[in-house]
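Positions are given from 1 along the sequence.
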Amino acid sequence: MLSSSTDIYPDTPTFTLANLTYESKHLSLLAYEYQNRNHQPLQALPQNVYQLWQEYGHGSIPFIYVAGLFYQVGSTASASIISGKNWTYAFSQLNNLSSPFAQQVYSTANILTAEFCIATNN
């Protein structure tokens, strides 16, 4: 999976949320993939989700909204680091904890984990 060839950082390794399922007794997840890499509609957004995305995210992706408490607009990892690379390279960067890409990704994971803990009082 790659980002659009017309993105500012074209053909960046990415992942899809289409058809994602998640189960937890603590959290629920609503994941939507609005467009495919060719900017064609992929999944319809419920009106309330679309309104949140427009109000807080101004239509930017990714958009993460946590329990009405936190939201994140755009990527926190610089796509320039892995733009035009393949998944093997992206994974190698994640396995190298001193790489800037790994540091950005794991920092974001830590922030999201903290937000989830706050949202669930855990």
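Between Leu20 and Leu29 there is a side-chain heavy-atom pair separated by less than 4.5 Å. Ile111 is not listed as a side-chain neighbour of Gln72, based on a closest heavy-atom distance of 4.5 Å or more. Contact check for Phe70 versus Ile118: side-chain heavy atoms found under the 4.5 Å cut-off. Side-chain contact between Phe101 and Val105: present, with at least one pair of heavy atoms (C-beta onward) separated by less than 4.5 Å.
Note: Gln103 CD to Ile81 CD1 = 9.0 Å, rounded to the nearest 0.5 Å. Rounding to the nearest 0.5 angstrom, the gap separating the CD1 atom in Ile64 from the OG1 atom in Thr108 is 8.0 Å. Ile82 contributes atom CD1, which lies 7.0 Å from atom CH2 of Trp87 (distance to the nearest 0.5 angstrom). Here the straight-line distance linking atom OG of Ser4 with atom NE2 of His39 works out to 3.0 Å at 0.5 Å rounding. Here Gln54 contributes atom CD and Ser60 contributes atom OG; the two are 9.0 Å apart, rounded to the nearest 0.5 Å.
Nearest heavy atoms, Ser5 versus Pro10: O-CB, 3.3 Å. In plain terms, the two heavy atoms of Ala119 and Leu69 that are nearest each other are CA-CD1, 3.8 Å.
Tyr106 and Tyr89 fall within a single hydrophobic cluster, where Ile, Leu, Val, Met, Phe, Trp and Tyr are joined by side-chain heavy atoms under 4.5 Å apart, directly or via other members. Leu112 and Leu17 fall within the same hydrophobic cluster, where Ile, Leu, Val, Met, Phe, Trp and Tyr residues are linked whenever their side-chain heavy atoms come under 4.5 Å apart, directly or through other members.
Although no hydrogens or angles enter the test, the distance criterion places a donor-acceptor pair under 3.5 Å between the side chain of Thr120 and the main chain of Phe116. Between the side chain of Glu33 and the main chain of Leu42, no donor-acceptor pair closer than 3.5 Å is present.
Salt bridge Asp7/Arg37: absent, no basic N to carboxylate O contact under 4.0 Å.
Here salt bridge (charged side-chain N to carboxylate O under 4.0 Å, His left out) pairs that include residues 76-102, with residues two or more places apart or in two chains, number zero.
Side chains of Thr12 and Thr14: no donor on one and acceptor on the other come within 3.5 Å.
The other residues sharing a hydrophobic cluster with Tyr71 are Leu30, Tyr32, Tyr34, Leu45, Val49, Tyr50, Leu52, Trp53, Tyr56, Ile61, Phe63, Tyr65, Val73, where clustering joins ILVMFWY side chains under 4.5 Å apart.
Heavy-atom contacts from other residues, nucleotides or ligands closer than 6.0 Å to CG of Asn48 number more than 12.
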